Amino acid sequence: MIVSLENKEKLFDKRFFLILLLLCLLNINLILSYIVFFLIILLFINIPLKRAFSFYAILLPWERGLDLPGIGTLTTLVQLILLILIFASKSGHLRRIFPLILYMLYALVCLIFNNNYAGFGLMFEFLLITLIFDPLDDNVNKKVWPEMCKAYVVSTIVSCFFGVAHGMFDERWIDGLGRVTTFVGIQGANQTGFCINIAVLLLLSSPITIKRKLLGLTVLVLFLFSTISITSIICLIIGILGCVLLNCIDLPRGPLSLKTKIWVFIFIVSFIVAFIMTPFGKPITYRIENMITDFQVGDFTKATTARVGLNAAYLAVFNKLPLFNKLFGLAEFSRKALLNQAIFIQYSHNTLIDMIFYTGIIGVMIQIVVSFSSVFYCKDKPMKNKLFVLKCLVLIEAFSLSIYTESFWLSWFFL
């Protein structure tokens, strides 16, 4: 029986929404979660490999809620399944051999000397993204990117409502207001904000009607504001401005005119400012005012919520390492070197610092070049611009969070 292209599209829609429905059944009880894992894995075994990244992107906003005792992380299991299917079918083209060798080397060193499997996670992620998403391929630009955008945006919105339904909120202290309830979502406040910013970028850069864009943008921005993450708000403004200036906002009828782009930007910025000025935006206003005050008096540590001092402490330890480790790193995610120096904070809140401890100065330089290589070599200008804005968001967020091993960050870093 021959299945028409239209029916294939409908089949994709059914499987796509089925995965989202299954994800919404998590956290009810352990047995049901095991069943959900099993059914999602079955779905991934049967999806067309050319749509692998679109389906894989669905899982990224849910990553930190996808761990099960005795099984591991669903994203890791799916990575392994897709890699096995790709190699079995001999599909995909590996363009970036040298960085793969680098990650294989670090994975082996990490395992042999530190008894740590984290390096293999990096290798699997890089290999998977390289094989299933090639921005130099015209098919990716015309078909895979729009499909992936829709899948990720809808999944991000559903994951946020899932977080609300399961009461994923926390409190933080804000000078002048006291304890304020914040939305942390599945990933954590800042991490959820990052996932939302990627969704905003993909929403703007996919060929969706303007009404659906505005509706999706409104929902996403409201969830982002509820995290009260200053970094996320900065990334939101930079991402939108980048989309406007580099003509990344796509519509079914084609690119926007200059006049329309200006009005879109004015509308979005006005919406952001108007919300911040409302009573709901008070926590954000107070955080911005406190930050400005701290900068004016020279208290950079407080202004950056202790990140400046923390980064300085980590770099001081790094400077004491032997030259070989400075160049090639420790291949170590545990903070033994820091604990030995009486620094007991396990997270640097800076992914680039994590990278430099793990892979050294040379490793960081290679990885950043590899990350931006897709931008440099992409001949399709619209795709080049989209990738450039995406990479900027990834790097900005890297200065605020320790997320080096997280798939929801690595996927966009390797893209």
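Fair warning: this is a prediction, and the values are worked out from it, not measured in the lab.
The side-chain heavy atoms of Leu220 and Leu236, taken from C-beta on, include no pair separated by under 4.5 Å. At least one side-chain heavy atom of Leu74 sits under 4.5 Å from a side-chain heavy atom of Ile41. Within the 4.5 Å cutoff, the side chain of Leu201 has no heavy atoms near those of the Tyr152 side chain. Between Ser232 and Ile196, every side-chain heavy-atom pair lies at or beyond the 4.5 Å cut-off. For the pair Ile132/Leu49, no side-chain contact is recorded, criterion being any heavy-atom separation below 4.5 Å from C-beta on. Annotation: side chain of Leu30 is in contact with side chain of Pro69 (closest heavy-atom distance under 4.5 Å). Contact annotation: the side chain of Val144 never approaches that of Lys50 to less than 4.5 Å [non-hydrogen atoms, C-beta and beyond]. Inter-residue side-chain proximity for Ile238 and Asn197 is flagged as unmet; no heavy-atom pair is nearer than 4.5 Å.
By the neighbour-count criterion of 12 heavy atoms within 6.0 Å, atom CZ of Phe399 is sparsely surrounded, having that number or fewer from other residues, nucleotides or ligands. Within a 6.0 Å radius of CD1 in Ile31, other residues, nucleotides and ligands contribute 12 heavy atoms or fewer. No more than 12 heavy atoms of other residues, nucleotides or ligands shown are found within 6.0 angstrom of CZ on Phe388. Open room surrounds CZ on Phe38; 12 or fewer heavy atoms of other groups in view lie less than 6.0 Å from it.
Nearest heavy atom pair, residue Asn46 against residue Arg15, reads O-NH1, 3.0 Å. Residues Gly65 and Ile186 come closest through the heavy atom pair N-CG2, 3.5 Å. Shortest non-hydrogen contact noted between Val158 and Cys24 is CG1-SG, 3.6 Å. In plain terms, the two heavy atoms of Leu82 and Leu128 that are nearest each other are CB-CD1, 3.7 Å. Of all non-hydrogen atoms in Leu43 and Ile47, the two that sit nearest each other are O-CG2, 3.0 Å. Contact between Leu352 and Ile368 at its shortest, heavy atoms only, is CD2-CD1, 4.5 Å.
In this structure, CG in Leu59 is found 6.0 Å from CG in Leu23, a value given to the nearest 0.5 Å. Put simply, CG on Leu77 and CD1 on Ile40 are 11.0 Å apart, with the number rounded to the nearest 0.5 Å. With rounding to the nearest 0.5 Å, the separation of CG in Asn385 from CG in Leu390 is 12.5 Å.
No donor-acceptor pair closer than 3.5 Å links the side chain of Lys326 to the backbone N or O of Phe318. Counting only distance, with no hydrogens or angles, the side chain of Thr359 and the backbone of Met355 share a donor-acceptor pair below 3.5 Å. Between the side chain of Gln187 and the backbone N or O of Pro61, at least one donor-acceptor pair lies under 3.5 Å. The backbone N or O of Cys378 lies less than 3.5 Å from a partner atom in the side chain of Lys384, making a donor-acceptor pair. Ser373 contributes a side-chain N or O that, together with a main-chain N or O of Val370, makes up a donor-acceptor pair within less than 3.5 Å. Between the side chain of Ser229 and the backbone N or O of Asn190 there is no donor-acceptor pair closer than 3.5 Å. With hydrogens and angles disregarded, a donor-acceptor distance shorter than 3.5 Å links the side chain of Lys391 to the backbone of Leu415. With Ser206 contributing its side chain and Leu203 its backbone, the two residues share a donor-acceptor pair below 3.5 Å.
Among residues at least two apart or in separate chains, salt bridge (charged side-chain N to carboxylate O under 4.0 Å, His left out) pairs with a member in residues 397-410 are Arg64-Glu406. Applying the ring pair (Phe, Tyr, Trp, His ring centres under 6.0 Å) rule to pairs touching residues 224-245 yields Phe225-Phe275, sequence neighbours excluded. Applying the salt bridge (charged side-chain N to carboxylate O under 4.0 Å, His left out) test to every pair with at least one member in residues 237-246, sequence neighbours left out, gives no pairs at all. Here side-chain hydrogen bond (donor to acceptor under 3.5 Å, both in side chains) pairs that include residues 77-88, with residues two or more places apart or in two chains, are Tyr56-Gln79, Gln79-Glu125, Gln79-Ser407. Applying the salt bridge (charged side-chain N to carboxylate O under 4.0 Å, His left out) test to residues at least two apart or on different chains, none of the pairs has a partner in residues 204-229. Applying the salt bridge (charged side-chain N to carboxylate O under 4.0 Å, His left out) test to pairs two or more places apart or on separate chains, none has a residue in residues 198-207.
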> Taking it one step at a time, do Cys248 and Leu204 satisfy side chain to side chain contact (heavy atoms under 4.5 Å, CB included)?
Replying inline: CA-CA 7 Å; Cys248 297; Leu204 292 175; over 6 Å; no
> What's the verdict on side chain to side chain contact (heavy atoms under 4.5 Å, CB included) for Leu83 and Leu127, showing C-alpha distance, side-chain angles and the deciding distance?
Replying inline: CA-CA 8 Å; Leu83 285 174; Leu127 190 58; 3.8 Å; yes
>> Please determine whether side chain to side chain contact (heavy atoms under 4.5 Å, CB included) holds for the pair Met365 and Ile361, giving the CA-CA distance in whole Å, both sets of side-chain angles, and the decisive distance to 0.1 Å.
In response: CA-CA 6 Å; Met365 292 173 62; Ile361 296 172; 4.0 Å; yes
>> Before you tell me yes or no, could you show the steps for Trp145 and Lys386 under side chain to side chain contact (heavy atoms under 4.5 Å, CB included), namely the whole-Å CA-CA distance, both residues' side-chain angles and the distance that decides it to 0.1 Å?
In response: CA-CA 10 Å; Trp145 180 270; Lys386 295 171 188 176; 3.7 Å; yes
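Of the listed residues (Asn350, Asp354, Thr351), just one forms a side chain to side chain donor-acceptor pair (under 3.5 Å) with Ser402, and that residue is Asp354. Just one residue in the list Val78, Leu20, Val154 forms a side chain to side chain contact (heavy atoms under 4.5 Å, CB included) with Ile58, and that residue is Leu20.
Residues Tyr103 and Phe124 place their aromatic rings such that the two centres sit no closer than 6.0 Å. Phe194 and Trp412 have their aromatic ring centers separated by at least 6.0 angstrom.
Applying the side-chain hydrogen bond (donor to acceptor under 3.5 Å, both in side chains) rule to Ser33 yields no partners; only residues at least two apart in sequence or on another chain are considered. Residues satisfying the ring-ring contact (aromatic ring centres under 6.0 Å, His included) test with Phe37, not counting sequence neighbours, are none. Under the rule for a side-chain hydrogen bond (donor to acceptor under 3.5 Å, both in side chains), Thr227 has no partner lying at least two apart in sequence or in another chain. Applying the ring-ring contact (aromatic ring centres under 6.0 Å, His included) rule to Phe408 yields no partners; only residues at least two apart in sequence or on another chain are considered. Here Phe376 pairs with nothing under the ring-ring contact (aromatic ring centres under 6.0 Å, His included) rule; sequence neighbours left out. Legend: residues meeting ring-ring contact (aromatic ring centres under 6.0 Å, His included) with Phe162, ordered by chain and number and at least two apart, are Trp62, His166.
Between Trp409 and Phe413, the two ring planes are parallel [angle under 30°; tilted spans 30° to 60°]. Tyr404 and Tyr358 have perpendicular rings, their planes meeting at more than 60° on a 0 to 90° scale where under 30° would count as parallel. Phe44 and Phe55 have perpendicular rings, their planes meeting at more than 60° on a 0 to 90° scale where under 30° would count as parallel.
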